[in-house]
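In what follows, residues are counted from 1 in the order of the sequence shown.
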Amino acid sequence: MNRLRAYGAAVAAASFLVLAGCGSDVDGSATAPLATVDTDPPSVVRTTPATRPSPTTSAAPTTTESTTPDKSTTISPPPTADPSQYKSTAGFFYFTSPSGKFECAIVVTETSVAGCHGEFPRSAPRVAGSGAPESSVAPNTVEITAGSPARFLSSGDPRFHRFDGPAKELPYGLTLAVPGSGRSNGLECRVEESSGVTCLDQVGHGFTVSDKAFELK
């Protein structure tokens with residue numbers, strides 16, 4: 001029994017010495033306290049990769065072909081009358097307005113002249129009488145000589161009236177054009193329902209006349 005007690009005391013003393021050796025350095029100084037280690041598992045942070053925007057493809061531009069015709073290429077010249085349908089003797093072309101109020105002609109000889117007889121407006125200027133230049137009378141003729149301004153006058157001879165038969169009517173909107181000859185240039189005439197008879201030369205001289213209004217150029 002005493003041997004068991006002595007053996008237990010020896011074991012306890014040996015254990016103490018071992019623990020004391022572990023707590024000191026070899027030089028006998030005390031060691032620093034042990035660090036505390038956190039053994040909790042690290043939290044896991046999950047990151048979701050940024051999603052790249054899917055490339056957008058722009059639709060190809062659509063082109064619509066215009067079906068509207070180009071006006072600059074579709075404008076037709078004004079319709080013209082056949083001069084041979086209005087010709088009398090050489091160089092004389094007669095016509096009447098559709099209303100019957102004006103008898104007109106284009107005469108191309110040494111010079112080119114166009115003119116009309118008819119019902120002129122009261123506002124037309126008075127002119128010297130035919131054969132009586134000292135008198136002032138209402139005009140019975142309007143005319144243009146190519147290259148000169150148009151004028152009213154009183155004619156004793158109705159030279160724009162056709163005597164060898166009835167003059168052909170020039171329909172509204174048609175242009176009767178006669179080229180010049182010799183030293184003169186050509187002339188053209190047309191009739192519009194709204195404005196009356198217009199005759200012009202190639203440099204812009206001419207007249208427009210109806211029974212209500214007139215213009216001389």
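Between the side chain of Asp211 and the backbone N or O of Pro121, no donor-acceptor pair lies under 3.5 Å. A donor-acceptor pair under 3.5 Å links the side-chain atoms of Ser210 to the main chain of Lys212, judged by distance alone.
Note on Val108 and Phe92: separate hydrophobic clusters, where clusters join Ile, Leu, Val, Met, Phe, Trp and Tyr whose side-chain heavy atoms are under 4.5 Å apart, directly or indirectly. Hydrophobic clustering (side-chain heavy atoms under 4.5 Å, transitive across Ile, Leu, Val, Met, Phe, Trp, Tyr) keeps Leu153 apart from Val142. Criterion: ILVMFWY side-chain heavy atoms under 4.5 Å apart, direct or through other members. Under it, Val113 and Val197 are not part of a common hydrophobic cluster.
In this structure, the side chain to side chain contact (heavy atoms under 4.5 Å, CB included) partners of Ala138, at least two apart in sequence or on a different chain, are Arg126. With sequence neighbours excluded, the residues satisfying side chain to side chain contact (heavy atoms under 4.5 Å, CB included) with Lys217 are Leu200, Glu215.
Pairs of residues two or more places apart, or lying in two chains, that qualify as disulfide (SG to SG under 2.5 Å) and include a residue from residues 105-172 are Cys104-Cys116. Pairs passing the disulfide (SG to SG under 2.5 Å) check and including a residue from residues 138-168, sequence neighbours excluded, do not occur. Each ring pair (Phe, Tyr, Trp, His ring centres under 6.0 Å) pair with one or both residues in residues 198-217, not counting sequence neighbours, appears once here: Phe152-Phe214. Listed by first and then second residue, the side chain to side chain donor-acceptor pair (under 3.5 Å) pairs involving residues 147-165 are Ser88-Asp164, Glu103-His161, Thr141-Ser155, Glu143-Arg151, Glu143-Arg159, Arg162-Asp164 (not counting sequence neighbours).
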Practice task
Assess whether side chain to side chain contact (heavy atoms under 4.5 Å, CB included) is satisfied between Ile106 and Cys189, documenting all intermediate values.
Solution key: CA-CA 8 Å; Ile106 296 175; Cys189 295; 3.8 Å; yes
Problem - Step-by-step side chain to side chain contact (heavy atoms under 4.5 Å, CB included) determination, Leu170 to Tyr86 - result: CA-CA 9 Å; Leu170 182 61; Tyr86 300 86; 3.7 Å; yes
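Taking the six-membered ring where the residue is Trp, Phe160 and His117 present tilted rings, their angle falling between 30° and 60°.
Of all non-hydrogen atoms in Ala105 and Tyr94, the two that sit nearest each other are CB-CD2, 3.5 Å.
You'll find the side chain of Lys168 stays beyond 4.5 Å of the side chain of Phe95, heavy atoms only.
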